[in-house]
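Beneath this line is the structure, given in structure tokens, with notes to follow.
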Amino acid sequence: MKITKDERDAVYKTIFSRRDVRGEFKSEPIPDEVLKRVLTAAHHAPSVGFMQPWNFIVVKNTETKKKIKKAFASAHAEATKMFDEEKRKKYKSLKLEGIIEAPIGICVTCDRTRNGPVVIGRTAIPEMDLYSSVCAVQNLWIAARAENLGVGWVSIIDNQALREILKIPDHVVPVAYLCVGYVSFFHEKPVLEKAGWLYREDLDSLIYYENWG
Ligand SMILES: Cc1cc2nc3c(=O)[nH]c(=O)nc-3n(C[C@H](O)[C@H](O)[C@H](O)COP(=O)(O)O)c2cc1C
């Protein structure tokens, strides 16, 4: 099956207009069939040895979201201390999550025991299963953008807190907590770039040939 030019352009448009969303969530519910399409895209991500180590915990309950927000607030307070004076003020002014506002949260996990102890491709580097779950996150993020849904990855949460709130067993690693919902608009550029926090690196300076440097 060949991809047509229009289809190719649609894929790039989706990739380049994807954003991390924190402050623009609308309360409009996500239809079940849309959520299912997005999760199906995530489930079709590549995975080491076809391990498919992911699960998707869909969170709609406000009480659960409040607990997650509390865990965020505590990790965020810890993080604030790590920046120097100059950056601390700016860091505190950034909105870095939309946990309550987003109609749903999705925790993407990695079951490190899925499909037995020896997995094709994970023999030299055990973390390959975690990388596979990250591939599922990225598929989800891109598919959501194609559905005009925003996604925000909230990583400022202690994993142990997330485990307790979502009752995740020990052999399963929470990989990502994602806020998902329709948005009032998508920013044209990363919000951290707009805020002057960091800028997009020059691609040419990141590409090396044959060896490092
Ligand atoms: C692994 C990972 C963790 C992230 N954690 C957070 C987070 O905790 N809070 C937040 O506001 N954004 C988070 N982001 C979003 C990034 O800040 C964002 O992707 C980056 O600034 C580029 O912006 P864009 O995604 O809109 O292109 C995370 C992104 C990734 C890939």
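Computation of the quantities below employed the complete heavy-atom set of this structure, encompassing side-chain atoms and omitting hydrogens, waters and symmetry-equivalent molecules. Just follow the structure's listing: the first ligand is 1, and inside any ligand the first atom is 1.
- Comment: K95 engages E101 in a salt bridge, judged by a side-chain N to carboxylate O separation of less than 4.0 angstrom.
- A heavy-atom separation below 4.0 Å is found between R18 and ligand 1.
- Salt-bridge annotation for D32 and K36: absent, with no side-chain N of the basic residue lying under 4.0 Å from a carboxylate O of the acidic one.
- For ligand 1 and L192, the ligand atoms under 4.0 Å from any heavy atom of the residue are 17 (O), 21 (O).
- Scanning the protein heavy atoms around atom 3 (C) of ligand 1, the nearest turns out to be S155 OG, 3.5 Å.
- Side chain of D129 to main chain of P53: no donor-acceptor pair is present (N/O by atom type, distance under 3.5 Å, no hydrogens or angles).
- The ligand atoms of ligand 1 that sit less than 4.0 angstrom from a heavy atom of R22 are 10 (C), 11 (O), 12 (N), 15 (C), 16 (C), 17 (O).
- Remark: atom 20 (C) of ligand 1 lies closer than 4.0 Å to no protein heavy atom.
- One option in F72, W153, F16, Y177 has a heavy atom closer to atom 28 (C) of ligand 1 than any other, and that option is W153.
- Side-chain atoms of R145 and S17 include a donor-acceptor pair closer than 3.5 Å.
- Contact atoms of ligand 1 toward I156: 8 (O) (distance under 4.0 Å to a heavy atom of the residue).
- Side chain of E147 to backbone of L149: no donor-acceptor contact under 3.5 angstrom is found.
- Here the heavy atom of the protein found nearest to atom 10 (C) of ligand 1 is L96 O, 3.4 Å.
- Per-residue contacts place P190 under 4.0 angstrom from the following atoms of ligand 1 (heavy atoms of the residue considered): 22 (C), 23 (O), 26 (O), 27 (O).
- The aromatic rings of W212 and Y208 lie perpendicular to each other, with more than 60° between the two planes, well past the 30° mark.
- Checked against a 6.0 Å centroid threshold, the rings of F83 and W197 count as neighbours.
- Those atoms of ligand 1 that come under 4.0 Å of a heavy atom in R19, given as number and element, are 24 (P), 25 (O), 26 (O), 27 (O).
- A donor-acceptor pair shorter than 3.5 Å cannot be found between the side chains of H76 and E97.
- Of the protein's non-hydrogen atoms, D20 CB, 3.9 Å is the one closest to atom 18 (C) of ligand 1.
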